[in-house]
Amino acid sequence: MNYYNPTKIECKWQKIWSEKQSHKSEINSKKKKFYVLEMFPYPSGNIHMGHLRNYTIGDVVSRFYKLLDFNVLHPMGWDSFGMPAENAAIENKISPKKWTEENIKHMRSQLKKIGLSIDWNREISTCNKNYYKHQQQIFIDFYEKGLVYKKDSFVNWDPEDKTVLANEQVIDGKGWRSGATVEKKKLSQWFLNISKYSNELLKDLGELNNWPDKVKLMQSNWIGLSKGAEIKFKLLNSKSTINVFTTKPETLFGASFIALSVEHDLAKNFTKDREFQIFRDKCLKLQEKKDFVNEKLGFDTKMHVQHPLLTGKKLPVFFSNYVLINYGNGAVFGCPAHDERDFAFAKKYNLNIDCIIKNKEKELPYYNFKENDTLVNSSFLNGSNIGAAKNLIIKKITDEKLGSESSKFKLKDWGVSRQRYWGCPIPIIYREDGKILSVDKNQLPVELPEDPDFSISGNPLDSHKKWKFTKCRATGLNAIRETDTLDTFFDSSWYYLRFCSPNYEKEPFNEKEVSYWMPVDHYIGGIEHAILHLLYSRFFSRALKECGYKVPKEPFSKLITQGMVCHETFKTKDNKWIEPSKVFEKNNKFLIKSGNKTVEVIKGRSEKMSKSKKNVVDPDLIISKFGADTARLFMISDSPPERDLEWSIDGIRATHKYLEKIFSFLSNKLIFTENFKDLDKLSSEEREIYNFTNRTIDKYTLDIKNYRFNSAVAKLRELSNKLLKSKMEPTIFHFSWSIYLRLIYIIIPHYAQELASLSGFKGLLDELKWPRTNMDYVEEEIVKIVVQFNGKKKSIIETSKDIDKDELIKRIKKNLIKDDINKLIVKKVIYVPNKIINFVI
RNA sequence: GCGAGCGUGCUGAAAUUGGUAAACAGACAGGACUUAAAAUCCUGCGGGUGGUAACACCCUUGUGGGUUCAAGUCCCACCGCUCGCACCA
């Protein structure tokens, strides 16, 4: 008898796969390629359950498509620049490089223990100069194409991480990583011109048929197209005009004022005005706040504009906090009767409120008006409905050159400068004569200095004189380096391309390899990247294309967004989180031991595993106790991938027991068999098992293809339950169990391989083709048909397959004595072959 | 406020195109084995009514309505939860 010893067998097979280079991938023009990629990890030091889940899902897919005879690429790397390394450096006096490298080493060994089918020859790390050298080249390419530029602007400043953040990286007014409230700060920054592609990025979402609708919708909302018009308002006693963007040009005749953002160009005329300065600062402060502030502030400029269509009508011009610079033109015309915010403002400052849309309630503001509402008090628009009026007014202002139809996007350019040390240096120098120059490509990489001084506050690159001061090679003039580094989302925007040719020296990637492997066929990761990383990557592939690289427009054909790993939470009565492992249950109460007392704790809801809530479970411990295969099988069988997974130690134990049971049952009984020949010799019961096995192959395959892993596992368990119970001839026994092992192999590869080997199979399961369904032996020969009266189940009748309707009715009439069908008047009979027969009475 | 998704046993969940609701698991309970426990095996496990019983009948997919021979699935309204966006002109 062999006992199941996961540690031993997992170690053994991992070594063999590694020695045989089982997961190595190379171009093979004779085979169809399949690129499966999971979002690469940040090397924080330890893998967590989310990683285990993500990479197990990817591994099942990777192994499956390999057996389907695809040429599979399944690489792994490290998103290794970023803040935590720098914080660790400050706290523990260890260099970010060393800290990162040690973490990678540790996490690599943790990942290897999971038994992933990764081609480790392709491993990349973004903090490696062999990677960021090419990234700097890409930056320069972008720079030369005008896709990256520098400008002064108010930016999101994270006071804790002491760096700026892109708009996408501010969540509810807080930094995405630090959680600190973000402030506005004026800085000179590098920007990527992502907004140039707004239209394309939006439109092309329609081509992403294998992306979740939810993600597409989120991107679409983020890009945020609004259609409307731009209208020019002439400033009185001035040559200037104010350009206003509106989505409701038809309400123009209801305009009673103009409101401008405090960052609008006209604000420059007031910079010396003390009162305005105070007002501006107050507005900026309010706009930083997370919570919505309904307070509307106004600063009267004492200036007026001419209403474009009503001679003699003058509108006052205000600055206000409710107009934002980063949308439209930072200027609106106020139509108080039909806009909530304009109404509040007009009320406060006693401005005209002119109703121009007929409405039943007669109450103002009337702002959620409909397409067929009618306009009044609006000159030539009177009597028109909203839809028609929109067209009429746009035509009018266009004809009279007062404005034009226009669209705006919410998406803003992506600020990529970070005032941090541990990132990719921006390859730019500022020469003493004022010229800004990119570094020569043959001078790349601009390497990070290895001796940063973290004792001085601020960016260590800025205080590193030796590194910062340089000379222009062409002219010999003095120059200083750009001391900002790139946002790490820049690093992850093209790593999937680098995986195609990870050691290619000359260029960021080899065109031939990229054209073979790209796009990524299945990309698997968390939904939290729906906007940031996925939008940036889509932009990058387009921008690279514009720079002449031959890359596909869309980098990821199919996207799978996996749910979080959750676990129960507990709190004490004074709101302190308690580890679930310390809690025990007694008389429906949850208790913990505290000293020699027991204290009651409160069970909260299940939440995403996080250190702060003390509900994390270390996958490493689970793997060393139960084995990777148990962990893998549990991760796969509990919930469908896109849904949250509820961690359960009982689930792990039960999964482990199941594997032990099958292992000891099979280990000295099974003879591994690839094919089954003696079909004719089967008894009807064995024939049933043969067909059942075939059906399992069929359904399991379909479930795996559709990412219904939990239901796939259920089908395997049905098969094993049946095989454990049935008595049968050895031939069919060996065949069915061998199929079972081959199917489950993609989920628990060490286990299946070990059992196959113990059963006399000499090769690697990896080298077999995926089992094929014998379609001639799939169907059940006896079917159960539900008999209904008026759609209500009355009984179930067993018949041979494809029974004739009249024959069936005859049998029902004979057998169903109780509901004497012969006495009832049957109006209609509905028969769905092999499923249901319904008598309408 | 706007947009989207989801509500099925004690729990995780399953249910091609509308066609036996609860597959497969977990927890729990009872039994067998054992001096005992663990492990293992067997059985039960949505609710109700009637019956000593095998069994029979009725109800049940958040709530109320509708379409249909037939609804977890389609339509309408409401309630609840989750997520995304949010002074977006």
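Letters go in sequence order (proteins before strands), and every chain restarts at 1.
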Side chain of [X] - closest among [options]:
| X | options | answer |
| --- | --- | --- |
| Tyr322(A) | C87(B), A89(B), A21(B) | C87(B) |
| Ile830(A) | C69(B), A13(B), C24(B) | C69(B) |
| Asn838(A) | A70(B), C83(B), A14(B) | A70(B) |
| Ala714(A) | A13(B), C87(B), A23(B) | A23(B) |
| Asn221(A) | G3(B), A89(B), A13(B) | G3(B) |
| Lys657(A) | C87(B), G12(B), A39(B) | A39(B) |
| Lys661(A) | C41(B), U20(B), A89(B) | C41(B) |
| Lys296(A) | G19(B), A14(B), C87(B) | C87(B) |
| Val332(A) | U20(B), A86(B), A89(B) | A89(B) |
| Ile836(A) | A89(B), U20(B), A4(B) | U20(B) |

Below 4.0 angstrom from OP1 or OP2 of [N], is there any side-chain N or O of [X]?
| X | N | value |
| --- | --- | --- |
| Asn710(A) | A14(B) | yes |
| Ser226(A) | A89(B) | yes |
| Asn721(A) | A25(B) | yes |
| Lys794(A) | C57(B) | no |
| Ser639(A) | A13(B) | yes |
| Lys410(A) | C85(B) | no |
| Arg605(A) | U82(B) | yes |
| Arg653(A) | A39(B) | no |

Could you check whether the rings of [X] and [Y] sit parallel, tilted or perpendicular, using 30° and 60° as the cut-offs?
| X | Y | value |
| --- | --- | --- |
| Phe709(A) | Tyr707(A) | tilted |
| Phe489(A) | Tyr536(A) | perpendicular |
| Phe590(A) | Phe570(A) | tilted |
| His533(A) | His529(A) | perpendicular |
| Phe257(A) | Phe318(A) | perpendicular |
| His307(A) | Phe233(A) | perpendicular |

**For G9(B), glycosidic torsion class - syn if within 90° of 0, otherwise anti** = syn
Base, sugar-phosphate alone, or nothing: which one does [X] contact when heavy atoms must sit under 4.0 Å apart?
| X | result |
| --- | --- |
| Val840(A) | sugar-phosphate |
| Lys792(A) | sugar-phosphate |
| Val829(A) | nothing |
| Asp638(A) | sugar-phosphate |
| Leu217(A) | sugar-phosphate |

**Phe663(A)-Tyr3(A) aromatic ring centre distance below 6.0 Å** =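 Phe663(A) vs Tyr3(A): aromatic centres not under 6.0 Å.
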**Prompt:** Would you say the ring centroid of Phe634(A) lies under 6.0 angstrom from that of Phe626(A)?
**Reply:**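 Centroid separation for Phe634(A) and Phe626(A): 6.0 Å or greater.
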**Message:** Tell me if the side-chain of Lys835(A) makes a donor-acceptor pair with the base of U17(B), cut-off 3.5 Å, by modelled atom types.
**Reply:**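 Per atom types, the contact qualifies.
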Whole-Å gap separating [atom2] ([N]) and [atom1] ([X]):
| X | N | atom1 | atom2 | answer |
| --- | --- | --- | --- | --- |
| Leu659(A) | G26(B) | CG | P | 12 Å |
| Trp222(A) | A4(B) | CH2 | C1' | 17 Å |
| Tyr658(A) | U40(B) | OH | C1' | 17 Å |
| Gln219(A) | A4(B) | CD | P | 18 Å |
| Met218(A) | A86(B) | CE | P | 11 Å |
| Gln788(A) | A71(B) | CD | C1' | 12 Å |
| Glu798(A) | U20(B) | CD | C1' | 13 Å |
| His264(A) | A89(B) | NE2 | C1' | 13 Å |

**Asked** Taking all non-hydrogen atoms of both residues, which atom of Lys348(A) and which atom of Lys296(A) are closest, and how far apart?
**Response** NZ-O, 2.8 Å
**Asked** Taking all non-hydrogen atoms of both residues, which atom of Tyr4(A) and which atom of Glu660(A) are closest, and how far apart?
**Response** CD2-CG, 3.9 Å
Sequence neighbours excluded and cut-off under 3.5 Å, please list the side-chain donor-acceptor pairs for residues 830-841 of chain A, or say none.
from	atom 1	to	atom 2	distance (Å)
Tyr831(A)	OH	Ile803(A)	O	3.2
Asn834(A)	OD1	Asp802(A)	N	2.8
Asn834(A)	ND2	Asp802(A)	OD1	2.9
Asn838(A)	OD1	Asn790(A)	N	3.3
Asn838(A)	OD1	Gly791(A)	N	2.9

Spacing of the [atom1] atoms in [M] and [N] (rounded, Å):
| N | M | atom1 | answer |
| --- | --- | --- | --- |
| C74(B) | G26(B) | C1' | 34 Å |
| U17(B) | A13(B) | C1' | 23 Å |
| C42(B) | G50(B) | C1' | 30 Å |
| A38(B) | U34(B) | P | 15 Å |
| U8(B) | A21(B) | C1' | 8 Å |
| C76(B) | A27(B) | C1' | 40 Å |
| U60(B) | G1(B) | C1' | 37 Å |
| C83(B) | C75(B) | C1' | 26 Å |

**Prompt:** Given that Lys248(A) and Leu702(A) both sit by RNA chain B, which one's nearest nucleotide is further toward the 5' end?
**Reply:** Leu702(A)
**Request:** Take Gly791(A) and Val786(A), find for each the nucleotide of RNA chain B with the closest heavy atom, and name the residue whose nucleotide sits nearer the 5' end.
**Result:**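 It is Val786(A), whose closest nucleotide lies nearer the 5' terminus.
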**Prompt:** Dot-bracket for RNA chain B: what is it, with Watson-Crick or G-U pairs under 3.5 Å, [ ] where a pair crosses earlier ones, and | for a pair to another strand?
**Reply:** (((((((..(((......[....))).(((((.......))))).(((((....)))))..(((((..]....))))))))))))....
